[in-house]
Amino acid sequence: MYIAIYDENKTHITNVDNATYDSTVRVYDLDSFTAEGVNDVDINDAKIAVLNDDAGNYKYACFADEITPENNKRKIKGLDFKTLWDTEILLDFTADGSFDGRLSKIYERVKAAVFDGADAAIRKIPVEVVIPTDNTDTTETYGSLQGTYQFVNAYKFLKCYLKYYEYNIESYYDVAAGKIVFTFVKCNDRVAINLSDFLYELTTTSATTNKAVATIKYNVETPETDADGNIIYTATQKTDDAGNLVYNDDGSPAYIPKYKPRPSALATIYYYRTKDNDIVQADASGNVAGRLYPVKAKFYESEYLADAQFNAVNELANARYVDNIIIDNNVTLDPLDFSGYRLYTKVDLYYDGKLYKTLPISEKITTLNGSGENTKIKLGFKKILLTEIIKA
């Protein structure tokens with residue numbers, strides 16, 4: 001194994017030979033990569049690290065975030081290319097007809113805001129973004145953003161759509177073209193395993209939110225009006241901050257208006273997460289098959305209903321698949337090698353012939369050391385310290 005090192009001008013500097021490494025690629029969070037190998041060249045200008053096997057076949061690439069020399073050994077700390085999306089952008093939909101709610105158009109709008117702006121330094125290393133056509137109407141779930149604008153973190157904004165519609169962003173470095181390539185991927189792969197073939201431990205989070213409500217933020221100082229639109233006042237005179245009575249310009253007492261109570265029919269959208277990890281929109285009664293019990297609800301309100309919907313759906317999307325199946329494949333018979341499966345492959349877990357759970361592959365952990373190369377897989381998104389799931 002060796003690591004080819006390039007500077008920000010895409011010029012090859014040197015190779016770090018006899019490399020060992022630890023790599024964890026993740027569906028949504030940033031990948032992590034550390035490696036070390038032999039080299040005696042000054043590589044302070046390193047910007048990109050490309051991992052290759054001994055035959056020169058591409059394995060992985062990332063930014064060379066830090067390279068530490070130690071005699072003729074070099075330690076490399078990588079930084080995921082997806083960090084380029086972790087930046088603030090302006091999404092402006094105030095112009096007439098500027099909002100297109102189709103999913104791939106949302107992705108394209110964010111991509112343009114990140115990479116197609118006036119800042120030339122962003123394109124120091126060329127970036128290509130491959131977005132498949134997906135005409136799914138996001139307004140059915142998120143509402144319309146037409147007439148709004150917001151400053152958002154591009155990746156946090158994207159993740160809400162990625163998680164709900166089950167996409168992830170894959171990246172690689174095209175060495176010949178000298179560019180970073182991002183591809184939006186919807187993995188529909190599926191595999192079934194029998195838990196009785198493995199030693200395993202399941203950890204779960206049952207108390208996560210399973211109901212989210214989006215509604216319009218109500219101004220409690222909305223005055224009551226009569227049939228002619230005139231404000232109705234109470235008999236209580238206004239006072240200033242010092243407690244002094246307030247008068248109108250004509251010297252008459254200024255009275256406090258009578259305020260309208262919050263309308264019971266204010267625009268409200270209800271979302272529910274089911275035992276199959278589906279997110280379903282329904283009415284207040286929540287008569288949805290597979291509802292989780294006990295109910296754990298969160299409310300979101302905003303001046304714009306679409307903003308509240310975004311936050312509500314994001315809450316439930318983050319609560320999806322909050323389990324981990326911890327599988328130890330250290331058995332005599334190796335019934336399945338997961339190392340070739342893509343991120344977000346759905347794994348149907350059976351026990352005694354019955355479907356127990358379905359969890360996606362969320363992490364692939366690969367280690368190369370003196371004992372050889374091992375790949376381990378994490379299923380589910382529960383945050384735990386132990387990420388060593390399956391030994392290939």
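These numbers come from the heavy atoms of this one structure, side chains and all, not from hydrogens, waters or symmetry mates.
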Let's go through E36 and R74 carefully: what are the C-alpha distance in whole Å and the side-chain angles of both, what is the deciding distance for salt bridge (charged side-chain N to carboxylate O under 4.0 Å, His left out) to 0.1 Å, and is it a yes or a no?
CA-CA 5 Å; E36 62 179 50; R74 298 293 181 267; over 6 Å; no
Which is it for E166 and R320 under the salt bridge (charged side-chain N to carboxylate O under 4.0 Å, His left out) test, yes or no, and what are the steps along the way?
CA-CA 11 Å; E166 299 189 340; R320 267 177 157 175; 3.7 Å; yes
Please assess D134 against T136 for the test side chain to side chain donor-acceptor pair (under 3.5 Å), listing each intermediate value before the final yes or no.
CA-CA 6 Å; D134 189 330; T136 301; 2.5 Å; yes
Assess whether salt bridge (charged side-chain N to carboxylate O under 4.0 Å, His left out) is satisfied between E303 and K217, documenting all intermediate values.
CA-CA 5 Å; E303 179 182 355; K217 187 176 181 64; over 6 Å; no
Steps toward side chain to side chain donor-acceptor pair (under 3.5 Å) verdict (N39, D17):
CA-CA 7 Å; N39 187 278; D17 298 316; 5.7 Å; no
Could you go step by step and tell me if S285 and N287 meet the side chain to side chain donor-acceptor pair (under 3.5 Å) rule?
CA-CA 6 Å; S285 67; N287 188 17; 5.7 Å; no
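Considering only heavy atoms from C-beta on, T345 comes within 4.5 Å of V191 through its side chain. Taking 4.5 Å as the limit, every side-chain heavy atom of F93 sits out of range of all side-chain heavy atoms of Y149. Residues I232 and T225 fail the side-chain proximity criterion, which asks for heavy atoms closer than 4.5 Å. Between L84 and V127 there is a side-chain heavy-atom pair separated by less than 4.5 Å. Counting heavy atoms from C-beta outward, V16 and V38 have side chains that stay 4.5 Å or more apart. Considering only heavy atoms from C-beta on, L79 stays 4.5 Å or farther from C62 through its side chain. Between V347 and I361, some side-chain heavy-atom pair lies under the 4.5 Å cut-off. Residues V313 and Y271 meet the side-chain proximity criterion, which asks for heavy atoms closer than 4.5 Å.
With respect to the salt-bridge test (charged N to carboxylate O, under 4.0 angstrom), the residues K82 and D31 qualify. No salt bridge links K111 with E108; every basic N to acidic carboxylate O contact stays at or beyond 4.0 Å. Salt bridge status for K378 with E363: present, with a side-chain N to carboxylate O gap under 4.0 Å.
Residue L103 is not grouped with residue V185 when hydrophobic side chains (ILVMFWY) are merged at heavy-atom distances under 4.5 angstrom, including chains of intermediate members. Hydrophobic clustering of Ile, Leu, Val, Met, Phe, Trp and Tyr side chains at less than 4.5 Å, counting indirect connections, unites I122 with F63. V130 is connected to Y172 through a chain of hydrophobic side-chain contacts under 4.5 Å among Ile, Leu, Val, Met, Phe, Trp and Tyr, so both are in one cluster. Under the 4.5 Å side-chain heavy-atom criterion for Ile, Leu, Val, Met, Phe, Trp and Tyr, Y233 and V246 are members of distinct hydrophobic clusters. Cluster annotation: Y272 and F299 are assigned to the same hydrophobic cluster (Ile/Leu/Val/Met/Phe/Trp/Tyr, side-chain heavy-atom contacts under 4.5 Å, transitive).
At a cut-off of 3.5 Å, with distance as the only test, no side-chain donor of R102 or T133 sits close to an acceptor on the other residue. Remark: the E224 side chain and the Y259 side chain contain no N/O donor-acceptor pair separated by less than 3.5 Å. Using a 3.5 Å distance cut-off with no hydrogens or angles, the side chains of D22 and T367 do pair a donor with an acceptor. Side chains of D250 and S252: a donor on one and an acceptor on the other come within 3.5 Å. A donor and an acceptor atom, one from each side chain of Y164 and N314, are nowhere located under 3.5 Å apart.
Judged by distance alone, the side chain of N248 and the main-chain N or O of G251 form no donor-acceptor pair under 3.5 Å. For the pair Q146 (side chain) and S98 (backbone), a donor-acceptor distance under 3.5 Å is present. Of the possible donor and acceptor atoms, none in the side chain of T24 sits under 3.5 Å from a partner among the backbone N and O of S32. When atom types are taken as modelled, the side chain of D119 and the backbone of A121 share a donor-acceptor pair closer than 3.5 angstrom. In this structure a side-chain-to-backbone donor-acceptor pair under 3.5 Å is missing from R26 to L343. Remark: the backbone N or O of G101 is paired with a side-chain donor or acceptor of T138 at under 3.5 angstrom. Between the K260 side chain and the E221 main chain, no donor and acceptor come within less than 3.5 Å of each other. A distance-only check finds no donor-acceptor pair linking the side chain of T209 to the backbone of K211 [under 3.5 Å]. No donor-acceptor distance shorter than 3.5 angstrom exists from the side chain of D348 to the backbone of A192, with no hydrogens or angles considered. For D54 (side chain) and M1 (main-chain N/O), a donor-acceptor pair under 3.5 Å exists by modelled atom type.
We find the CG-CG distance between D86 and D80 to be 10.5 Å, quoted to the nearest 0.5 Å. A distance of 9.0 Å separates CG in L316 from CG in N318, rounded to the nearest 0.5 Å. Considering OH of Y165 and OG of S104, their distance stands at 11.5 Å, rounded to 0.5 Å. To the nearest 0.5 Å, atoms OG1 (T215) and CD (E301) are separated by 7.0 Å. With rounding to the nearest 0.5 angstrom, the CG atom of N44 is 12.0 Å from the CG atom of D7. Atom CD1 in I3 sits 11.5 Å away from atom OG1 in T14 (nearest 0.5 Å).
Side-chain rings of Y107 and F184 approach one another, their centers coming within less than 6.0 Å. Between W85 and F157, the ring centre distance reaches or exceeds 6.0 Å. Annotation: Y142 is in aromatic contact with Y161 [ring centroid separation under 6.0 Å]. Remark: aromatic rings of Y21 and Y60 are distant, center separation not under 6.0 Å.
Within the cation-pi definition used here (under 6.0 Å to the ring centroid, within 45° of the axis), R109 does not qualify as a partner of F99. A cation-pi arrangement is found for K163 relative to Y28, the charged atom lying closer than 6.0 Å to the ring centre and inside a 45° cone about the ring normal.
Residue K47 places its NZ atom among 12 or fewer non-hydrogen atoms of other residues, nucleotides or ligands, all under 6.0 Å distant. Around atom NZ of K298, no more than 12 heavy atoms belonging to other residues, nucleotides or ligands sit under 6.0 Å away. Other residues, nucleotides and ligands contribute at most 12 non-hydrogen atoms within 6.0 Å of the CG atom of D96.
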I'd like a table of donor-acceptor pairs (distance under 3.5 Å, sequence neighbours excluded) in which one partner is a side-chain atom from residues 274-281, with atom names and distances.
unit_1, atom_1, unit_2, atom_2, d
T274, OG1, D276, N, 3.2
T274, OG1, D278, N, 3.3
N277, OD1, Y321, N, 3.0

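Using a 30° and 60° split on the angle between ring planes, Y173 and F81 fall in the tilted class, from 30° to 60°.
Each of T139, N135, T141 was compared with D137 under the side chain to side chain donor-acceptor pair (under 3.5 Å) criterion, and only T139 meets it.
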